Amino acid sequence: MINLNRKDIGNWTRLGMRKAYGSMLESVTEDYPELVALTADVADSANLIHFKEKFPKRFYNIGIAEQNMTGIACGMAKEGHNVFLCSFAPFVSMRNYEAVRTLVGYMNLNVKIVALASGMSLGVQGNTQYCLEDISLMRSIPGMLVLSPADVVEEAKCISFLADYEGPAYLRLTGIDGTPTVFNEDYDFSIHKPALLREGEDVAIISTGSITSECMRATRALKKEGINCALFSICCLKPIDDKELVSIISRYKYIITVEEHFKSNGLGSIISEVVSDSNVSCKQIRLGIDDKFLHAGDYSHMMKTSHLTALCIKEAILAGLK
């Protein structure tokens with residue numbers, strides 16, 4: 001269990017979810033003697049250098065060979081290790097997909113896959129570095145737990161949870177350094193229940209990942225327009241508690257899903273599947289990345305061109321309500 005305090009939260013927020021990962025993993029490792037960390041030559045990016053110094057016999061740099069790393073991780077899991085492996089999101093999910101599906105998923109092994117810098121956080125490096133498909137890929141693997149924390153507080157809760165969890169899991173880390181927190185240290189984390197961040201009766205926003213902070217800003221702006229928005233954050237994208245979601249969705253005529261992922265097969269698709277399988281009648285607006293490859297740019301520029309800033313979210317909701 002990671003004991004959260006304001007000083008750590010402040011430091012981790014400045015670092016962002018990717019760089020906070022190593023420090024968080026280090027915090028739980030002492031309590032789990034079988035926990036090991038594998039990386040595909042991204043120890044600096046994941047801030048695992050101090051972990052390596054503190055636990056030299058429990059740290060393995062496999063090099064830029066994600067499929068090999070996954071095979072090694074599965075072998076270690078078969079020998080009773082609790083394995084956390086990490087690399088940048090497109091390499092650990094897309095390049096590595098067959099290994100994850102067949103070795104981790106099919107064998108149902110205790111391997112936790114940590115996807116660094118998912119979404120558009122590495123925007124200036126181009127489409128080879130974005131990862132806007134990973135929710136779609138990972139949720140299609142039977143038995144795969146898929147987590148997408150909203151901030152560093154929820155990331156710490158996820159890592160504490162995963163240290164205890166037995167089975168395949170995918171942890172999607174989004175956002176950049178300085179992304180605002182939406183939770184405090186007293187946040188009561190549950191993978192089964194969406195977190196209610198703001199109450200409102202006019203419309204409900206449902207988000208996942210670090211874009212939740214933009215949604216929070218949008219709700220404040222809409223309040224000034226006389227529109228009361230509820231905001232729910234979903235960390236666990238698989239398995240989804242259909243009954244819990246139906247109980248939420250049924251309260252609103254309009255719901256808006258927001259994600260830093262392609263619109264297809266991500267959060268918006270998950271929610272629309274729940275709506276179609278239930279007797280709920282509501283209008284859904286899906287905000288996410290359109291079906292096209294994006295032009296490279298810095299993170300703020302890409303958020304604007306993808307219409308995912310707080311202002312864009314606000315305008316989309318106003319247009320939808322009209």
Side-chain angles (χ1 to χ4, degrees), residues 2 4 8-9 11-28 37-40 42-48 51 66 69 83-96 100 111-123 125 129-139 144-163 165 168-183 187 189 191 195 207-214 233-238 259-261 266-267 299 302-303 308:
I2 299 174
L4 290 169
D8 283 343
I9 292 171
N11 289 336
W12 290 336
T13 299
R14 283 188 289 275
L15 290 171
M17 277 197 255
R18 168 169 61 92
K19 294 178 183 176
Y21 166 66
S23 176
M24 293 177 184
L25 190 65
E26 181 187 329
S27 297
V28 300
L38 277 64
T39 178
V42 295
D44 284 337
S45 293
N47 198 18
L48 283 164
F51 182 102
E66 291 81 7
M69 176 174 66
V83 187
F84 281 71
L85 66 82
C86 74
S87 185
F88 286 107
F91 312 137
V92 83
S93 62
M94 290 184 281
R95 179 184 295 172
N96 199 30
V100 173
V111 175
K112 287 64 185 262
I113 301 158
V114 181
L116 308 174
S118 192
M120 300 181 291
S121 61
L122 298 181
Q125 298 185 37
Q129 310 299 311
Y130 314 151
C131 198
L132 306 172
E133 306 90 346
D134 51 340
I135 296 173
S136 172
L137 291 169
M138 292 299 151
R139 68 182 287 247
M144 181 68 72
L145 175 72
V146 181
L147 300 178
S148 176
D151 64 5
V152 293
V153 175
E154 194 163 53
E155 178 188 6
K157 300 280 188 179
C158 285
I159 290 172
S160 292
F161 173 82
L162 290 174
Y165 181 76
Y170 183 81
L171 179 62
R172 183 180 201 248
L173 302 181
T174 54
I176 57 174
D177 54 317
T179 299
T181 56
V182 295
F183 296 109
Y187 165 46
F189 173 75
I191 68 162
S207 65
T208 189
S210 59
I211 202 168
T212 300
S213 64
E214 292 293 322
S233 175
I234 295 183
C235 177
C236 183
L237 298 170
K238 184 183 177 181
E259 60 192 312
E260 199 174 325
H261 186 275
L267 174 67
Y299 187 69
M302 296 192 72
M303 290 289 282
L308 291 174

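Predicted model only: the values in this text are computed from it and were never measured.
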*State, yes or no, whether a side-chain contact exists between C236 and L147 at a heavy-atom distance under 4.5 Å.*
yes
*Do the side chains of I135 and R172 get nearer than 4.5 Å, heavy atoms only?*
yes
*Write down the atom of H261, the atom of D134, and the distance for their closest heavy-atom approach.*
NE2-N, 3.5 Å
*Output yes when a side-chain donor or acceptor of K112 lies under 3.5 Å from a complementary backbone atom of L162, and no otherwise.*
yes
_When you compare the side chain of F88 with that of V42, does any pair of heavy atoms fall below 4.5 Å?_
yes
_Least distance between heavy atoms, S93 atom then C131 atom_ = OG-SG, 3.5 Å
*Between Q129 and Q125, is there a donor-acceptor pair closer than 3.5 Å when you use the side chain of the first and the backbone of the second?*
no
*Can any side-chain N or O of K238 pair as donor or acceptor with the backbone N or O of R139 at less than 3.5 Å?*
yes
_Side-chain donor or acceptor of S121 paired with backbone N/O of T174 under 3.5 Å_ = no
*Test item: S118 side-chain N/O and A115 main-chain N/O as donor-acceptor pair under 3.5 Å*: no
*Taking K157 for its side chain and V152 for its backbone only, find out whether a donor-acceptor pair lies under 3.5 Å.*
no
*So, T212 side chain and G209 main chain: donor-acceptor pair closer than 3.5 Å or not?*
yes
*Shortest non-hydrogen contact from I234 to L237?*
CG2-CD2, 3.9 Å
*Would you say N47's side chain and A20's backbone share a donor-acceptor pair under 3.5 angstrom?*
no
*Can you measure from CH2 (W12) to OH (Y21) and round to the nearest 0.5 angstrom?*
13.0 Å
*For the atom pair CD1 (I9) and CD (E155), what is the distance rounded to the nearest 0.5 Å?*
12.0 Å
*Donor-acceptor pair, side chain of E260 and main chain of M120, under 3.5 angstrom*: yes
*Do M303 and I211 have side chains that get closer than 4.5 Å, going by heavy atoms?*
yes
*Within the distance-only criterion (no hydrogens, no angle test), does the side chain of T208 pair as donor or acceptor with the backbone N or O of E259 below 3.5 angstrom?*
no
